[in-house]
Protein chains: 2
Amino acid sequence: MLELAVLGLLHESPLHGYELRQRLKATLGSFRAFSYGSLYPSLRRMKDAGWIAEDEGDAEVVAGAPPLTGKRGKVVYKLTAEGKERFTELLAEAGPSSWEDEQFGVHFAFFSKTEPEVRVRILEGRRARLEQRREGVRSSLARTRERLDSYTLQLQEHGLESVDREVRWLSELIETERRNVPPR
Amino acid sequence: MLELAVLGLLHESPLHGYELRQRLKATLGSFRAFSYGSLYPSLRRMKDAGWIAEDEGDAEVVAGAPPLTGKRGKVVYKLTAEGKERFTELLAEAGPSSWEDEQFGVHFAFFSKTEPEVRVRILEGRRARLEQRREGVRSSLARTRERLDSYTLQLQEHGLESVDREVRWLSELIETERRNVPPR
DNA sequence: CCGGGCTTATATCGCCGCGATACATCGCGA
DNA sequence: TCGCGATGTATCGCGGCGATATAAGCCCGG
């Protein structure tokens, strides 16, 4: 999850942790945050896996203005060849995981680097997922409507409207995609 | 988090794990799920803490139709006195945690059992939180708009609209609350 | 009558993300 | 010069999630 996001950002340019998090916020917006408590462990995992590497070159010894102090330089990460491979691999996969709440937003953020047909499949998968969830809630709501107090009811209905909105949004996106890339 | 939800549901009637989860889905709707992987550990923790207790009485020996088999009866949980205390305590607290994304929905679901003034404070806190987040995203968006590709942009804007919607919803709720309970 | 598949039911495991926290450096204005 | 806010790296424990295991009760068709 974070993995995909990090690969995507580093795909554009090498970055250090802090900057990476700024970009994460700027790219995913109100959608998702990702704290350092996720980021650094993730970076370590990815480094161990060999997808990314530390890029010396920014923290180099500049004839050390303050050389005595430990001088912990910025740790700049960049994609390795395997990392690039992994990234395209992740971009290509359009399985159920790609359209779950958390995954979807990240996938979507890198749609410009994703194959058009994959884009459509993900959008449709996402929409189907939401519609199915919505029907579940709707029917359960119909069954228990009178037993619920007004607050619970309002919560449910606000939720349903949100889902409706997202479904409509997805439908527009799908149509746009189809116009640009006619089926077959 | 789950703790509050469980206390709230058991406050109405004793339930066993499975049923508890059904109610959770019915009550929180599209808002939040809570898997068994969260529920059972949480029940254990709450039992250890003394908020809930196993209620024998459903799985009692009915002159055992199938008595030889291990016959694992349903484990029915009910609130203890401390549990009720804990519940009202949690309902009363309107701190920053109450209006974070995850907490808010659960708190809201039990608003009918919450003091009117606490309700308003939580709703306002939530709204303020969202507005602050929105401004952060907005300004960051204004700064980097031209650098983003169209997909990222659409994601951001969809996100912003969602936040707007929720802010409007909250404002309506606050006004309704105020009408029913005029300030002071 | 029995076997297969669905729902009900309880439970655990490892992973991952989160918030809190701890440091340490740097530039800036009071 | 002092302190504060931004930059920067890092860890810890906790809580939730999805996958998975297990098993009993169920009804329907063969």
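Atoms considered below: every heavy atom in the structure, side chains included; atoms not considered: hydrogens, waters and symmetry mates.
Contact between the side-chain N/O atoms of Arg45(A) and the OP1/OP2 oxygens of dC16(C) is found at a separation under 4.0 Å. Applying the 4.0 Å criterion to OP1 and OP2 of dT8(C), one finds that Tyr18(B) has a side-chain N or O inside that range. Proximity of Ser35(A) to the phosphate of dG17(C): no side-chain N or O atom is located under 4.0 Å from OP1 or OP2.
For Lys74(B), counting side-chain heavy atoms from C-beta on, the closest listed nucleotide (dT9(D), dT10(C), dG17(C)) is dT10(C). Among the nucleotides dG8(D), dG17(C), dA10(D), the one closest to any side-chain atom of His16(A) is dG8(D). Ranking dT12(C), dG17(C), dC17(D) by closeness to the Ser38(A) side chain, first place goes to dG17(C).
Regarding Glu100(A), its CD atom lies at a distance of 15 Å from the P atom of dG17(C), rounded to whole Å. Residue Leu2(A) contributes atom CG, which lies 5 Å from atom P of dG17(C) at whole-angstrom precision. Atom pair Glu102(B):CD and dC17(D):C1' shows a separation of 14 Å (rounding to whole Å applied). Rounded to whole angstrom, the span from the OH atom of Tyr40(A) across to the C1' atom of dC16(C) amounts to 18 Å. Here the C1' atom of nucleotide dA9(C) and the CZ atom of Arg23(B) are 16 Å apart, to the nearest Å. One can place CG of Asp101(B) at 19 Å from P of dG15(D), the figure rounded to the nearest angstrom. Taking atom CD on Glu3(B) and atom C1' on dG15(D), their separation rounds to 11 Å, with Å as the unit. If you take CZ of Arg21(A) and P of dA6(D), they are 14 Å apart, rounded to a whole angstrom.
No contact: Leu39(A) has no heavy atom under 4.0 Å from any strand. Within the nucleic acid shown, Gly17(B) comes within 4.0 Å of sugar-phosphate atoms alone, with no base atom in reach, counting heavy atoms only.
Between Pro41(B) and Glu19(B), the residue whose closest nucleotide on DNA chain C is further toward the 5' end is Glu19(B).
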Distance-only check: which donor-acceptor pairs under 3.5 Å involve side-chain atoms of residues 5-14 of chain B, not counting sequence neighbours?
{"from": "Glu12(B)", "atom 1": "OE2", "to": "Lys113(B)", "atom 2": "NZ", "distance (Å)": "2.9"}

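Qualifying side-chain contact (heavy atoms from CB on, under 4.5 Å) partners for Pro116(B), counting only residues two or more places apart in sequence or in other chains: Arg119(B), Val181(B).
Of the candidates Phe108(A), Trp169(A), Phe31(A), His158(B) forms a ring pair (Phe, Tyr, Trp, His ring centres under 6.0 Å) with just one, namely Trp169(A).
Between His16(B) and Tyr18(B), the angle of the ring planes stays under 30°, which puts this pair in the parallel group of the 30/60° scheme.
Under a cutoff of 6.0 Å and an axis angle of 45°, Arg86(A) and Trp51(A) form a cation-pi pair.
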